[in-house]
There are 2 protein chains.
Amino acid sequence: MPHHQRADARRNYARILAVAEREVAAHGADASLERIARVAGVGSATVRRHFPGRAALLEAVFHERIESLCARADASVDAVDARAALLDWLDGLTEYAASARGMAEALAHDRLVEPERVSACAVKLEEAVEPLLRRAAESGAVAPDVTAADLLALVTGIALATERHADPAAEGRRLLELTVRGISPVS
Amino acid sequence: MPHHQRADARRNYARILAVAEREVAAHGADASLERIARVAGVGSATVRRHFPGRAALLEAVFHERIESLCARADASVDAVDARAALLDWLDGLTEYAASARGMAEALAHDRLVEPERVSACAVKLEEAVEPLLRRAAESGAVAPDVTAADLLALVTGIALATERHADPAAEGRRLLELTVRGISPVS
DNA sequence: TGCTAAACGGCGGGGGCCTCCGTATCGTAC
DNA sequence: GTACGATACGGAGGCCCCCGCCGTTTAGCA
C-alpha cells in the first residue's frame, strides 16, 4: 500500500506552482484559480486538492523567498551594528514585498485571520526579525516597546499602500525611510 | 422637458445609499452590489445606474465623513501648535479609517488607480492636510521633504494592515504613534 | 389627460469558487 | 507481465457575482 505521493501528483504540483507564480506576478493576490488550472492544463479540482484555499497557494508561491529572507536575518543577527542590520533587513523585506505582487495581501491576510498557523509566512518572518529587533532594542536604537509584529504590520501596510503605485519599490523605500526616522520625531 | 432628476430616482438613490452604508460596514469594501440591490428592493441595474462602479458607491458612502475630516483640518489650520494640529488630524483620520470598514481599500484604490479625479476622497483629504503639513514643516516639526501624499499613504497603509485586526482602532493608533516618533529616529 | 423622456428591472452571458463522484492512472504484489 | 487497490484526476452542476441590453413602467410637464 503506497502511502507516498504519486509521481503524477508531484508533477502536477510542480506545474501548478510554476503557473501560479507567473499568474500571481501578473495579476496579484487575487489571480484566478480557475485560470491557473486551465493554463497548467489540469482540472480546477486538482488545484484545490493540492492547495486548499488561496492562502495555501500564495504561501507556497512565496515560500522560497520567505525562507531566503529568514536566512538573511539569521545571517546578520551577529552583525556589529544592530541598528543597521535591522534596517537593512526591513529594507530587503520592503523591496521584496513591493516587487512581488500579492505578497503584501498574503501577509496581511494570514497575519490577521490565522495568526496561529506556524507555517504561515508572517509568523516565520516575525520569528526571523525578532532577534534583530531585540539586539537593536538592547543597543538603544529602537524603543523597547516595539514588537516584531509592529514592524511586520508597518512594512505590510507600506507594501499594501504602494502596491499599485507606478514605482512600488521606490515609493516603498521612501515611506519606509520616513517611518524609520519618524514623521515628527521630536518628543 | 424635465432635465432634473426625477423624484423616484432620488428616492432610490437614498435607499441604495442607506443600504450600502450598512452593507459596507458589515462586509467591507467588497460588499456585494447585487446584495445591496436586493436588500434595497431595486434591480441591480439601478444600483449601477446611480453609482457607476464600486468606487463611486464607496465614495458616496464615505462622502460625509470625508467632508467632516476636511472641515476639521480647515478649522485647525490656524492652531497655535502646528505639530499638534497635524498629529491630531492624522489621529482622527486613522481612527476613522479603522472604524469604517472598506474606507482604507477605497482610499488606496483611488489614490493609486485614478489619482486625477478631483472628487476622489483621497484627493480631498490630501488637499485638506496640505496646509496643516506646510505649517508643521515651517515650524520645523516635520522634515521639509514630507508630502501630503506620503502621510495619506502611511495612514492608508496602517489602516489596511490593521483592518481585520481584533481591535483596529487601538492597533492603528499604536502604529501611527510609532510612525510619528519613528522606529529608530537617530540620524 | 396625454405624451415624452427618464428611470426601472428582468434576463442572459461570462466568469469564479466549490463539491461531488465516476473514471483513469500509478505503484505494487503476485 | 498482469491484476488489483489506492490514489489522483477532471468534468459537471450549483451558487453567486458582475455587466450590458432592452422592453416596460412611470414621473412630470403641457
> Any chance the side chains of T147(A) and D150(A) put a donor and an acceptor closer than 3.5 Å?
yes

> Once hydrogens and angles are ignored, does a donor-acceptor distance under 3.5 Å link the base of dA6(C) to the side chain of R6(B)?
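For R6(B), whose side chain was compared with the base of dA6(C), there is a donor-acceptor pair (under 3.5 Å).
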
> Let's see if you can work this out: which of dC19(D), dC8(C), dC9(D) has an atom nearest to the side-chain heavy atoms of A9(B)?
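Closest nucleotide to the A9(B) side chain: dC8(C).
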
> Write down the distance between OH (Y13(A)) and P (dA8(D)), rounded to a whole number of angstrom.
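Nearest whole value for this atom pair: 14 Å.
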
> Starting at atom CZ of R11(A), determine the distance to atom C1' of dC9(D), rounded to an integer number of angstrom.
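So the two atoms are 12 Å apart, to the nearest Å.
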
> Per the atom types in the model, does the base of dG10(D) pair as donor or acceptor with the side chain of R49(A) at under 3.5 Å?
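It does, because a donor-acceptor pair links the side chain of R49(A) to the base of dG10(D) below 3.5 Å.
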
> Identify which nucleotide among dC17(D), dC26(C), dA7(C) has an atom closest to any side-chain atom of D8(B), counting heavy atoms from C-beta outward.
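The answer is dA7(C), which lies nearest to the side chain.
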
> For R35(B) and R10(A), find the nucleotide of DNA chain D closest to each by heavy atoms; which residue's nucleotide sits nearer the 5' end?
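Mapping each residue to its closest nucleotide by heavy atoms, the 5'-most match is R10(A).
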
> If the cut-off is 4.0 Å, is N12(A) near the phosphate of dA8(D), judged by side-chain N/O to OP1 or OP2?
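No.
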
> Between E34(A) and G41(A), which is nearer to the 5' end of DNA chain D once each is assigned its nearest nucleotide?
G41(A)

> Nearest of dG16(C), dC11(C), dA27(D) to any side-chain atom of S44(B)?
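It is dC11(C).
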
> For a quick test of reading the model: is some side-chain N or O of H50(B) closer than 4.0 Å to OP1 or OP2 of dC8(C)?
yes

> Grab the two heavy atoms, one from V19(B) and one from I36(B), that are nearest each other, plus how far apart they are.
CG1-O, 3.8 Å

> Please give, in whole Å, the distance from dG16(C) P to R38(A) CZ?
5 Å

> Which of the following nucleotides, dG9(C), dG10(D), dC18(D), is nearest to the side chain of A45(A)?
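So the nucleotide nearest the side chain must be dG10(D).
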
> What integer distance in Å separates R48(B):CZ from dC18(D):C1'?
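Whole-Å distance recorded here is 6 Å.
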
> Side chain of T46(A), heavy atoms from C-beta onward: which of dC26(C), dC9(D), dC19(D) has the nearest atom to it?
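Between dC26(C), dC9(D), dC19(D), the one nearest the side chain of T46(A) would be dC9(D).
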
> Rounding to an integer number of Å, can you tell me how far F51(B) CZ sits from dC8(C) P?
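Distance, rounded to whole Å: 11 Å.
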
> Considering every strand and a 4.0 Å limit on heavy-atom distances, what is the contact class for R54(B): base, sugar-phosphate, or nothing?
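Here R54(B) touches the backbone only, sparing every base.
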
> In this structure, how many angstroms lie between the C1' atom of dT26(D) and the CD atom of Q5(B), rounded?
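So the CD-C1' distance, Q5(B) to dT26(D), works out to 15 Å.
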
> Is it the case that atom CZ in R181(B) sees more than 12 heavy atoms from other parts of the structure closer than 6.0 Å?
yes

> Do R38(A) and E34(A) sit within salt-bridge range, that is, some charged N less than 4.0 Å from a carboxylate O?
no

> Round to the nearest Å and state the distance from E23(B) atom CD to dC17(D) atom P.
10 Å

> Where do S44(B) and A37(B) come nearest, in terms of heavy atoms and distance?
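That would be CA-CB, 3.6 Å.
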
